[in-house]
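Below is one structure, written out as structure tokens; comments come after it.
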Amino acid sequence: MKQLKNDRFLKALFRQPVDKTPVWMMRQAGRYLPEYRQVRSKAGDFMSLCKNTELACEVTLQPLERFELDAAILFSDILTIPDAMGLGLYFEEGEGPKFRKPVRSEADIEQLQVVNTAKDLSYVTDAVSMIRRELNGRVPLIGFSGSPWTLATYMIEGQSSRDFARAKTMLYTQPELMHQLLEKLTLSVIDYLNAQIRAGAQVVQIFDTWGGALEHQAYKMFSLAYMQRIVKGLITHADGRDVPVILFTKGGGHWLEVMASTGCHCLGLDWTVDIGEGKKRVGSQVSLQGNMDPAVLRADKQTIESQVQTILQSFGSGNGHIFNLGHGITPDIDPAKAKIFVDAVHRFSEG
């Protein structure tokens, strides 16, 4: 096992003391970086970039060359699982992901095979192995997946949605069908994340991007219950270390207590939650990750630094804070503003 040169991210996940608050950014490898755009144009399109081991490794490492980040996150997409299930994922410029064969009927769901990562998604695990090698102990590597509910919404709608009309119709009119789909996705996600851990991911994050679109009971039954099964099904120890799990439900501020009881190590918070209040609610059960609004990065240096200080002060003393944005960094952000953000986290939390 190679010794990590910078392990403050892992320490914070386990609520151990750190010299300064660790920071990384969701979507830190992405379109806001000119060097990323250059590599993507060389790859041809987004999925070709994901499936090219060397290029996926290159773009994963790009933000670490610019910023003093405390973690790397695998460059991939949450929709690799439905793509491997044969739904024909493609991306239209400016419109986001779409599927050629959305899932609409019982027959559609019955045809879906649980993903075998070794066979169907080896390009992801190949990238994880290469990134881990290239990192050479510099910082830990995060692997990830979408949550079953979030994946199901894209598969049923056929694309991103504002109101999830088709997915919610299935949920309320054919709940047993929705459970059948979520069951296959849950088994697929467990296989996928365990394969990433075996390939070298030291932390995994479950992105429940659309969990917040559900009402209270539906969230618990159709999103949280399946994420809890995933947490329980994951490899807990690899490479001589425990493997922590981060759970992130965007819009999930109402459910922090039940999320914390899933067995995860850390909860990601979006910007609608006061982190100090979140800390009071979950106590010492889990660490917390977040949670500055990415839109703040459009502001001037003083405003960015002030927001960082506000969040650090709200969290207060004690262990278990990983600084992040409340969602992914957006393509319009000037990388210089991201640097101000990262540097401010370290500077104001030191000592």
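At least one side-chain heavy atom of L79 sits less than 4.5 Å from a side-chain heavy atom of L151. For the pair F315 and T21, the minimum side-chain heavy-atom distance is 4.5 Å or more. Annotation: side chain of I81 is in contact with side chain of L121 (closest heavy-atom distance under 4.5 Å). For the pair I206/L193, a side-chain contact is recorded, criterion being any heavy-atom separation below 4.5 Å from C-beta on. Looking only at side-chain heavy atoms (C-beta outward), Y226 and L185 stay at 4.5 Å or farther from each other. When side chains are defined from C-beta on, Q196 does not count as touching R198, because their heavy atoms never get closer than 4.5 Å. You'll find the side chain of E305 reaches within 4.5 Å of the side chain of R347, heavy atoms only.
Remark: K51 engages D83 in a salt bridge, criterion side-chain N to carboxylate O under 4.0 Å. A salt bridge between E257 and K220 is absent, with no side-chain N of the basic residue lying under 4.0 Å from a carboxylate O of the acidic one. Note on E215 versus K168: no salt bridge recorded, every NZ/NE/NH1/NH2 to OD/OE distance being 4.0 Å or above.
When all heavy atoms of L33 and Q28 are compared, the pair lying nearest together is CD1-O, 3.7 Å. Of all heavy-atom pairs spanning W149 and W210, the tightest one is NE1-O, 3.0 Å. Heavy atoms only, all atoms of each residue included: P22 and A12 are closest at CG-CB, 3.6 Å. What you find for K20 and S349 is that their closest heavy atoms are CB-OG, 3.5 Å.
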#### Entry: Residues H321, K279; criterion side-chain contact (heavy atoms from CB on, under 4.5 Å); working and verdict
CA-CA 9 Å; H321 183 201; K279 187 180 167 190; over 6 Å; no
### Task
Evaluate ring-ring contact (aromatic ring centres under 6.0 Å, His included) for F75 paired with F46, printing each intermediate quantity in order.
CA-CA 11 Å; F75 178 79; F46 178 77; 5.7 Å; yes
### Task
Applying ring-ring contact (aromatic ring centres under 6.0 Å, His included), run through F99 and Y154 and close with a yes or a no.
CA-CA 8 Å; F99 287 111; Y154 283 102; 7.3 Å; no
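For the side chain to side chain contact (heavy atoms under 4.5 Å, CB included) with I142, the qualifying choice from L74, V204, I73 is I73, the only one to do so. The only member of L187, I190, D120 that meets side chain to side chain contact (heavy atoms under 4.5 Å, CB included) when paired with V115 is D120.
Atom-to-atom distance recorded for Q217:CD and L224:CG is 11.0 Å, nearest 0.5 angstrom. Note that CG of N52 is 8.5 Å distant from NZ of K42, once rounded to the nearest 0.5 Å. Interatomic distance, CD1 of I230 versus CG of D191, reported as 11.5 Å (0.5 Å rounding). The CG atom of L55 lies 10.5 Å from the OH atom of Y36; values are rounded to the nearest 0.5 Å. I275 CD1 to I311 CD1: the interatomic distance, rounded to the nearest 0.5 Å, is 7.0 Å. Separation of atoms CD1 (I197) and CG (D239) is listed at 11.5 Å; rounding is to 0.5 Å.
With 3.5 Å as the limit, one finds a donor-acceptor pair spanning the side chains of Q205 and Q289.
No single ILVMFWY cluster, assembled from side-chain heavy atoms under 4.5 Å apart, contains both I235 and V114.
Residues F323 and F341 bring their aromatic ring centres within 6.0 Å.
Counting heavy atoms of neighbouring residues, nucleotides and ligands inside a 6.0 Å radius, atom CD of Q302 does not exceed 12 of them.
Ring geometry for H327 versus F248: interplanar angle under 30°, hence parallel rather than tilted (30 to 60°).
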